[in-house]
Amino acid sequence: MRGILLDVCDEGRNIELFVKTEKGIVKAVDENFFPCFYVLPKEVDREFRILRKLALKEGNREIRPVSVSLEKKFLRGNQVDAIRIAVAKHSDIDPLRHFIRDALHLQSFGYDLPVVRRYFLTHRLLPFCGVCLEGEIKDNELRLTRPPEPFESRMPELSVMSFDIEVYNPAGTPRPDKDPVIMISLADTGGFRKVLTWKSVPGLDYVEEVGGERQMLRRFVEIVQERDPDILVGYNTDLFDFPYLRSRAEHLGVKLKLGRDGSEPTARRRRFASATRVKGRIHCDLYAMVNFLALTGGIRLIHYTLGDVYKYLLGKEKPDIEFTEIVRCWDEGGEALKELAEYCMSDAAAALELSQELLPLFIELARIIGQSLFDVGRMTPGQMVEWLLIREAEARQELVPPRPVAEEQEEREEETYAGAYVMEPEQGLHENLVVFDFRSLYPSIIITHRIDPFNLNCECCRDGATVVPELGYHFCTKREGFIAPVLKRLVEERIKLKRELKKLEKSSEEYKKLYVRQNALKIISNSFYGMLGFSKARWYSKECAESITAFGRHYIQRTIKLAEEDGFKVIYSDTDSLHCKLGAKSKEDALRLIEKVNRILPGCIELELEDFYPRGIYITKKRYALIDEKNRMTVKGLEFVRRDWAAIAKKTQEKVLKAILVEGSPKQALEAVRRTIQDLREYKVPLEDLIIYTQLKMSLEEYKAIGPHVSVAMKLKQRGRPVEPGMMIAYVVAKGPGSISDRAFPADEFKKQRMKYDPEYYIDHQVLPAVMRIMEVLGFREEDLKGGEKQVSLSKFFQ
DNA sequence: GACTAGCGGGG
DNA sequence: GTGTACGCTAGTC
């Protein structure tokens with residue numbers, strides 16, 4: 001049987017595969033997969049004999065290997081004898097390994113690889129690859145008699161469904177034990193659009209009214225089964241929608257049979273949150289993907305809400321609704337509820353559109369890494385490189401070192417080294433900018449200078465090898481190494497793709513496909529350096545990491561010099577980028593500079609045009625904001641206005657950045673701040689803009705420090721209002737004596753009792769901190785912003 | 001100045 | 001990752 005591999009699941013003793021075939025989805029069960037690890041012996045024969053008889057008692061169960069064999073392996077490129085130990089279950093590995101470590105004092109390798117990932121490695125599977133299956137049909141499942149055999153095939157069309165839930169949230173943060181899910185929207189690539197809810201909504205044809213929350217969850221499951229998507233997406237579904245849905249379903253006694261085999265979702269804790277698996281479909285949280293792009297520099301925004309990301313990537317606005325309004329919409333019904341339904345629908349629709357932008361990239365990344373889309377969609381860049389290397393190790397019979405234990409990791413963290421060159425920027429507002437960057441600076445350095453932990457300071461090239469500037473290390477020029485050749489392969493493929501891209505029509509499907517692949521290759525290539533310097537990495541090497549930055553400083557400084565010689569004014573430079581003022585120079589001059597630099601610099605080290613920016617404001621190292629020709633802002637290091645800040649601070653910061661970057665007018669920025677300050681003093685600012693939202697994370701008794709939100713929660717309790725952990729506390733700071741906590745009062749009380757807020761708190765602690773860093777570099781002082789009126793507060797800003 | 005606590009996405 | 005971020009900021013003590 002042949003088909004396309006969709007999903008691989010770990011079912012304890014068995015591996016389950018979901019395969020798309022001509023006859024539909026087939027579930028295959030592999031009962032013959034035995035995870036293994038390797039032991040590095042000191043006395044091969046003796047220890048091999050001991051391990052062959054190895055059996056451990058655990059309670060009344062006996063743990064023994066399924067097989068023990070001798071193999072030739074490699075350790076850092078050198079051939080060694082290794083003892084391979086295969087086990088029936090992954091959970092048998094640890095007790096055996098611990099015994100081997102404690103009783104025989106031998107080192108083990110490759111024992112900390114999760115089963116599904118190991119399965120991909122062992123059988124050389126790729127996500128969505130073609131697979132040949134052989135087995136017997138039993139109970140609607142295919143029992144495999146041989147391991148799946150991969151073959152190359154074109155990417156299949158995958159159906160994608162997005163969903164979004166709305167939740168009743170009278171306490172600010174919804175409580176899954178009390179607050180119902182009130183709406184669920186769905187959208188799929190087949191054009192399906194639906195909002196499920198249990199109150200009537202007039203005049204929307206995509207709304208389906210059901211009898212209640214329980215029926216809604218059942219209908220949701222029914223629709224997912226009917227539409228049967230391959231991929232399920234949403235925004236922040238790992239952290240919110242799925243945990244909430246599962247919790248409600250349990251509460252209401254509804255089985256969320258979303259899996260392709262009718263199974264319920266499972267959550268695996270990973271990093272700080274849970275990732276939800278739906279068997280046979282691939283659940284992708286688009287927020288995780290957006291976070292990844294923010295980390296690798298693909299997107300840089302102030303906020304990463306669905307609306308903001310959608311606007312940035314799709315160039316369109318979507319309706320939005322304040323989270324505090326949801327309760328009102330639901331209670332009021334009618335037009336207000338219609339608005340909520342429209343918003344809910346737009347969230348699922350936007351998530352679906354977003355998935356069409358993001359999934360191709362992550363599918364490409366997953367196929368390069370050789371791990372599942374589910375996993376790769378939640379990896380950090382360093383993890384991606386590591387898993388690529390683990391696959392490479394497997395192919396070369398190289399032993400996979402374990403992730404370092406805590407002490408090892410701490411030791412590594414203490415070894416600091418010199419980083420990249422960062423120039424102190426020419427502070428202030430600049431116009432007509434060009435940014436060049438060496439996107440591939442570090443990869444090029446690794447390849448050009450063969451930087452590789454396996455090749456460090458070899459004996460064979462003591463003389464003659466290139467020495468790392470400042471450090472004096474050298475890298476072997478005779479041996480290939482391990483990491484550098486993998487990177488070289490990626491970079492070379494990317495160069496080939498870029499050459500092909502030039503021949504293609506930009507609007508063609510083929511172009512898009514190749515473009516995405518080269519982008520994926522670029523992202524992974526750029527992450528090798530970070531992996532080498534990451535304390536938790538398996539192939540961590542401080543010497544390699546610091547050699548790369550040393551070469552990097554050397555080349556960027558040389559390029560700055562070349563740009564300046566050509567008459568470009570360099571106003572900022574960080575690691576691999578150069579921000580220059582075009583001045584009297586044209587865009588063509590900028591392109592000519594690139595050519596010139598590229599002719600001079602060695603190897604594959606290549607300068608690229610990042611973009612042209614009509615305006616930019618530079619504050620300090622790593623803190624600046626730019627606006628591109630499409631009026632899209634890039635903000636770096638200034639993104640510190642969060643939900644525990646009043647809206648007035650956010651709004652003023654936005655106004656200031658807009659005035660400066662869009663209008664190019666510091667004066668308008670100044671006026672915006674002055675007006676806000678004046679409005680605050682004249683009590684003209686609406687209360688909504690002054691509310692600070694902070695979540696109560698613990699029960700009141702647990703707090704040692706009584707912050708403003710805790711103090712407000714205590715006041716609420718005194719007044720007989722229910723207070724519980726998880727609640728969102730909305731407060732306003734009043735005028736009067738005492739600490740901020742003393743003067744913080746519940747927002748609704750403020751409204752009812754017509755209390756007076758403290759303008760000076762909002763000026764000094766909210767508005768000014770949000771805008772000062774920017775205004776400062778434009779030459780304004782706090783006094784200028786405060787409009788020359790007599791100073792009421794004793795602010796510490798300019799002492 | 002040390003320490004405590006919350007932010008992010010979602011609703 | 002068979003596991004519990006991370007780096008920053010404000011406010012209290």
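Chain A is the first sequence line, chain B the second, and so forth, proteins listed ahead of strands; every chain is numbered from 1.
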Checklist entry - For P114(A), which contact category applies under a 4.0 Å heavy-atom criterion: base, sugar-phosphate, or nothing? => result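 P114(A): backbone/sugar contact only, no base atoms under 4.0 Å.
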Checklist entry - Base, sugar-phosphate, or nothing: which does D164(A) touch, judged by heavy atoms less than 4.0 Å apart? => result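 D164(A): backbone/sugar contact only, no base atoms under 4.0 Å.
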When the [atom1] atoms of [N] and [M] are considered, how many whole Å apart are they?
{"N": "dC6(C)", "M": "dG1(C)", "atom1": "P", "answer": "11 Å"}
{"N": "dG8(B)", "M": "dT2(C)", "atom1": "C1'", "answer": "27 Å"}
{"N": "dA5(C)", "M": "dA5(B)", "atom1": "C1'", "answer": "16 Å"}
{"N": "dT9(C)", "M": "dG9(B)", "atom1": "P", "answer": "16 Å"}

Can you tell me the distance, in whole Å, between the [atom1] atom of [X] and the [atom2] atom of [N]?
{"X": "F374(A)", "N": "dG1(C)", "atom1": "CZ", "atom2": "C1'", "answer": "12 Å"}
{"X": "L340(A)", "N": "dG11(B)", "atom1": "CG", "atom2": "P", "answer": "10 Å"}
{"X": "I321(A)", "N": "dG9(B)", "atom1": "CD1", "atom2": "P", "answer": "20 Å"}
{"X": "M384(A)", "N": "dG1(C)", "atom1": "CE", "atom2": "P", "answer": "14 Å"}
{"X": "R743(A)", "N": "dT12(C)", "atom1": "CZ", "atom2": "P", "answer": "9 Å"}
{"X": "L239(A)", "N": "dA5(C)", "atom1": "CG", "atom2": "C1'", "answer": "11 Å"}
{"X": "L354(A)", "N": "dG9(B)", "atom1": "CG", "atom2": "C1'", "answer": "13 Å"}
{"X": "I299(A)", "N": "dG8(B)", "atom1": "CD1", "atom2": "P", "answer": "18 Å"}

Verify the contact: side-chain N or O of [X] to OP1 or OP2 of [N], cut-off strictly under 4.0 Å; return yes or no.
{"X": "H765(A)", "N": "dA10(C)", "answer": "no"}
{"X": "Y693(A)", "N": "dG6(B)", "answer": "no"}
{"X": "Y111(A)", "N": "dG1(C)", "answer": "no"}
{"X": "S741(A)", "N": "dT12(C)", "answer": "yes"}
{"X": "K704(A)", "N": "dG11(C)", "answer": "no"}
{"X": "Y731(A)", "N": "dG11(C)", "answer": "no"}
{"X": "S739(A)", "N": "dT12(C)", "answer": "yes"}

Identify which nucleotide among [options] has an atom closest to any side-chain atom of [X], counting heavy atoms from C-beta outward.
{"X": "N236(A)", "options": "dG9(B), dG6(B), dG1(C)", "answer": "dG9(B)"}
{"X": "I390(A)", "options": "dG11(C), dG6(B), dG1(C)", "answer": "dG1(C)"}
{"X": "Y761(A)", "options": "dG11(C), dG10(B), dG9(B)", "answer": "dG11(C)"}
{"X": "V167(A)", "options": "dC7(B), dG1(C), dG11(B)", "answer": "dG11(B)"}

Checklist entry - Can you name the residues that form a ring-ring contact (aromatic ring centres under 6.0 Å, His included) with H765(A), not counting sequence neighbours? => result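 Scan of H765(A) (ring-ring contact (aromatic ring centres under 6.0 Å, His included), adjacent residues dropped) gives Y761(A).
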Checklist entry - If you look at every heavy atom in M384(A) and V376(A), which pair is closest and at what distance? => result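 Answer, listing the atom of M384(A) first, then V376(A): CE-O, 3.5 Å.
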Next on the checklist: To check you understand the geometry: which heavy-atom pair defines the closest contact between L358(A) and L293(A), and what is its length?
Outcome noted: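 Scanning both residues completely, I find the closest heavy atoms to be CD2-CD1, 3.5 Å.
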Checklist entry - Per the atom types in the model, does the base of dG9(B) pair as donor or acceptor with the side chain of T305(A) at under 3.5 Å? => result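 Between dG9(B) and T305(A), which were checked side chain against base, a qualifying N/O pair under 3.5 Å is absent.
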Checklist entry - Is the base of dG11(B) touched by the side chain of E166(A) through a donor-acceptor pair closer than 3.5 angstrom? => result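 By the distance-only test, no, there is no pair.
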Next on the checklist: Determine whether the aromatic ring of F323(A) stacks with the base of dG11(B), defined as ring centroids separated by less than 5.5 Å and ring planes inclined by less than 30°.
Outcome noted: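 Per 5.5 Å and 30° rule: yes, stacked.
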Is there a donor-acceptor pair under 3.5 Å between the side chain of [X] and the backbone N or O of [Y]?
{"X": "Y310(A)", "Y": "K318(A)", "value": "no"}
{"X": "D285(A)", "Y": "D238(A)", "value": "yes"}
{"X": "S741(A)", "Y": "I706(A)", "value": "yes"}

Next on the checklist: Working note: Y762(A) + Y757(A), criterion side chain to side chain contact (heavy atoms under 4.5 Å, CB included); need CA distance, chi angles, decisive distance, verdict.
Outcome noted: CA-CA 9 Å; Y762(A) 285 95; Y757(A) 65 81; 4.1 Å; yes
